[in-house]
Amino acid sequence: MLSGYQLDTRHMRYFMALAETLHFGRAAERMNMSQPPFSRQIAMIEHTLGVKLFERNSRNVALTPAGKHFMKDCRNVLGRFEEACRDVRLVASGMKGEMRFGFMMHAAHSVVPQLVQLYAEARPDVRLVLDERTPTEIDEMLVAGTLDAAVTFDCGYAPHLQTVLLVRERLRIIMRKDHPLAAVGQIGPEELREEKVIAAPAATAPALRSAINSYFSAKGIVPHVVLEPRLQHTIIQLVAKGLGVALIPASLCTELGAGLTSRALSDAPQLDVVLRAPITTKNPTVSTFMEIGKSIQRASL
């Protein structure tokens with residue numbers, strides 16, 4: 001606020017029109033004004049700033065040193081203002097912004113890279129914040145609104161979430177290569193009756209643990225679970241040390257260490273891997289993410 005009058009971007013545009021044309025008539029025409037009111041606007045800007053911006057006589061108009069500096073600053077301010085106007089429209093349309101995306105560790109070996117790549121190509125101006133979590137943490141964070149979308153196991157009906165099935169994944173059994181069962185082509189729960197099993201706890205991955213328990217209980221067997229690490233990578237490392245066998249998603253079996261091998265399970269348990277987001281999400285970037293998930297679903301199922 002100077003001299004009791006506030007300048008805004010409209011006044012900057014008046015000034016820039018004259019600074020760029022150095023002609024009152026052409027500048028007024030650019031601003032869709034007649035020359036007298038345009039000249040009064042320029043005089044008012046100079047009066048408000050208390051600075052002479054133009055040297056003028058009957059023939060010429062020229063910028064003063066102060067005017068040249070003001071022109072540079074006005075160009076920067078107007079450029080940033082126009083950029084802000086563009087950005088707010090892009091954010092509102094989901095073309096720009098930020099999306100917080102959670103995923104299970106094992107999904108990084110299957111659908112997550114493709115999902116992220118396709119989204120980055122479709123929305124290059126959206127910043128994806130990736131957050132690797134356990135299934136239980138993902139469910140809690142989706143409810144709390146600290147994740148905008150996530151890849152997790154399907155734990156059943158969730159009316160507060162929109163769900164897209166991405167892929168159905170079977171479990172395989174992993175063991176050391178020197179394990180007696182490594183010579184068997186396909187393994188059933190009966191062969192595992194006396195085996196030490198390593199599995200994530202139900203509190204961490206309820207759908208996965210339920211699938212493992214159901215696989216054994218269908219044959220009247222209670223699995224002998226000896227260790228319950230939260231993370232699948234830890235499970236793999238413990239199996240490598242000979243501490244037991246484990247039933248893990250097939251996608252994790254492609255990059256086992258040199259001392260490990262995997263085998264198919266007879267009537268292998270199957271888990272649905274889904275993309276989920278809150279139905280009530282206010283983040284406009286999510287809708288395109290869900291559509292890309294549907295395209296992956298059509299290609300994989």
Side-chain angles (χ1 to χ4, degrees), residues 83 86-172 205 207-208 211 231-233 236 248-256 262 268-301:
E83 181 182 351
R86 287 194 303 270
D87 283 354
V88 73
R89 296 187 186 100
L90 290 173
V91 170
S93 67
M95 298 291 290
K96 191 168 186 173
E98 180 177 287
M99 196 184 76
R100 299 157 298 176
F101 172 52
F103 59 95
M104 305 178 294
M105 178 276 291
H106 102 270
H109 295 258
S110 55
V111 294
V112 166
Q114 182 185 12
L115 188 58
V116 170
Q117 179 188 18
L118 291 174
Y119 190 75
E121 291 171 355
R123 293 289 182 265
D125 292 325
V126 174
R127 178 173 177 261
L128 270 181
V129 179
L130 305 182
D131 196 349
E132 185 177 323
R133 296 281 178 166
T134 66
T136 297
E137 289 172 335
I138 286 173
D139 292 341
E140 293 171 349
M141 293 174 75
L142 285 172
V143 170
T146 52
L147 287 177
D148 295 308
V151 170
T152 186
F153 289 127
D154 188 359
C155 290
Y157 180 59
H160 59 291
L161 297 173
Q162 49 183 315
T163 301
V164 175
L165 174 61
L166 297 176
V167 66
R168 289 192 168 101
E169 185 161 17
R170 293 193 180 277
L171 299 185
R172 290 177 66 88
L208 177 58
L231 303 179
Q232 296 294 301
H233 278 164
I236 293 171
I248 67 173
S251 59
L252 282 173
C253 297
T254 60
E255 298 180 7
L256 296 175
S262 74
Q270 181 174 272
L271 289 169
D272 289 346
V273 178
V274 298
L275 174 62
R276 282 185 156 170
I279 289 177
T280 57
T281 182
K282 299 296 191 297
N283 190 335
T285 66
V286 172
S287 59
T288 298
F289 206 71
M290 301 303 287
E291 289 301 316
I292 290 173
K294 291 176 184 176
S295 72
I296 292 176
Q297 175 196 64
R298 289 191 293 270
S300 62
L301 298 179

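For Arg123, the salt bridge (charged side-chain N to carboxylate O under 4.0 Å, His left out) test picks out no residue, with sequence neighbours left out. With sequence neighbours excluded, no residue forms a side chain to side chain donor-acceptor pair (under 3.5 Å) with Glu132.
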Worked verdict on Ile296 versus Leu118 for side chain to side chain contact (heavy atoms under 4.5 Å, CB included) | CA-CA 10 Å; Ile296 292 176; Leu118 291 174; 4.2 Å; yes
Go through the steps to decide whether Thr134 and Leu231 satisfy the test side chain to side chain contact (heavy atoms under 4.5 Å, CB included), and finish with yes or no.
-> CA-CA 8 Å; Thr134 66; Leu231 303 179; 4.1 Å; yes
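Within the structure, ring pair (Phe, Tyr, Trp, His ring centres under 6.0 Å) contacts touching residues 113-150 (residues at least two apart or in different chains) are Tyr119-Phe289. Counting only residues at least two apart or in different chains, salt bridge (charged side-chain N to carboxylate O under 4.0 Å, His left out) contacts with residues 135-146 comprise Glu137-Arg230.
Here the closest heavy-atom approach between residue Pro113 and residue Ala108 is recorded as CG-O, 3.3 Å. Taking both residues in full, the closest heavy atoms of Ile138 and Ala150 are given as CG2-CB, 3.4 Å, listed atom of the first, atom of the second, then distance. The shortest heavy-atom contact between Ala92 and Pro284 is O-CB, 3.6 Å. Nearest heavy atom pair, residue Ala268 against residue Arg170, reads O-NH1, 2.9 Å. Across all their heavy atoms, Phe153 and Leu271 have their closest contact at CE2-CD1, 3.7 Å. What you find for Leu256 and Leu252 is that their closest heavy atoms are CD2-O, 3.8 Å.
Considering only heavy atoms from C-beta on, Pro249 stays 4.5 Å or farther from His109 through its side chain.
Residue Arg172 holds its CZ atom at 5.5 Å from SG of Cys253, rounded to the nearest 0.5 Å. If you take NZ on Lys294 and CE on Met290, they are separated by 7.0 Å, rounding to the nearest 0.5 Å. Here the straight-line distance linking atom CG of Leu208 with atom OG1 of Thr152 works out to 10.5 Å at 0.5 Å rounding. Taking OG1 of Thr146 as the start and CZ of Arg133 as the end, the distance is 7.5 Å to the nearest 0.5 Å. We find the OG-CG distance between Ser295 and Leu115 to be 8.0 Å, quoted to the nearest 0.5 Å.
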Compile the donor-acceptor pairs under 3.5 Å between side chains in residues 94-106 and protein atoms, sequence neighbours left out, one pair per line.
from   : atom 1 : to     : atom 2 : distance (Å)
Lys96  : NZ     : Asp87  : OD1    : 3.1
Lys96  : NZ     : Asp87  : OD2    : 3.3
Glu98  : OE1    : Arg127 : NH1    : 2.7
Arg100 : NE     : Asp148 : OD2    : 3.1
Arg100 : NH1    : Gly145 : O      : 3.3
Arg100 : NH2    : Gly145 : O      : 3.1
Arg100 : NH2    : Asp148 : OD1    : 2.8
His106 : NE2    : Glu169 : OE1    : 2.8

Side-chain polar contacts of residues 158-165 - donor-acceptor pairs under 3.5 angstrom, sequence neighbours left out - could you list them?
from   : atom 1 : to     : atom 2 : distance (Å)
Gln162 : NE2    : Pro278 : O      : 3.3
Thr163 : OG1    : Arg276 : NE     : 2.8

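Checking side-chain atoms of Thr288 against main-chain N and O of Thr285 turns up no donor-acceptor pair under 3.5 Å.
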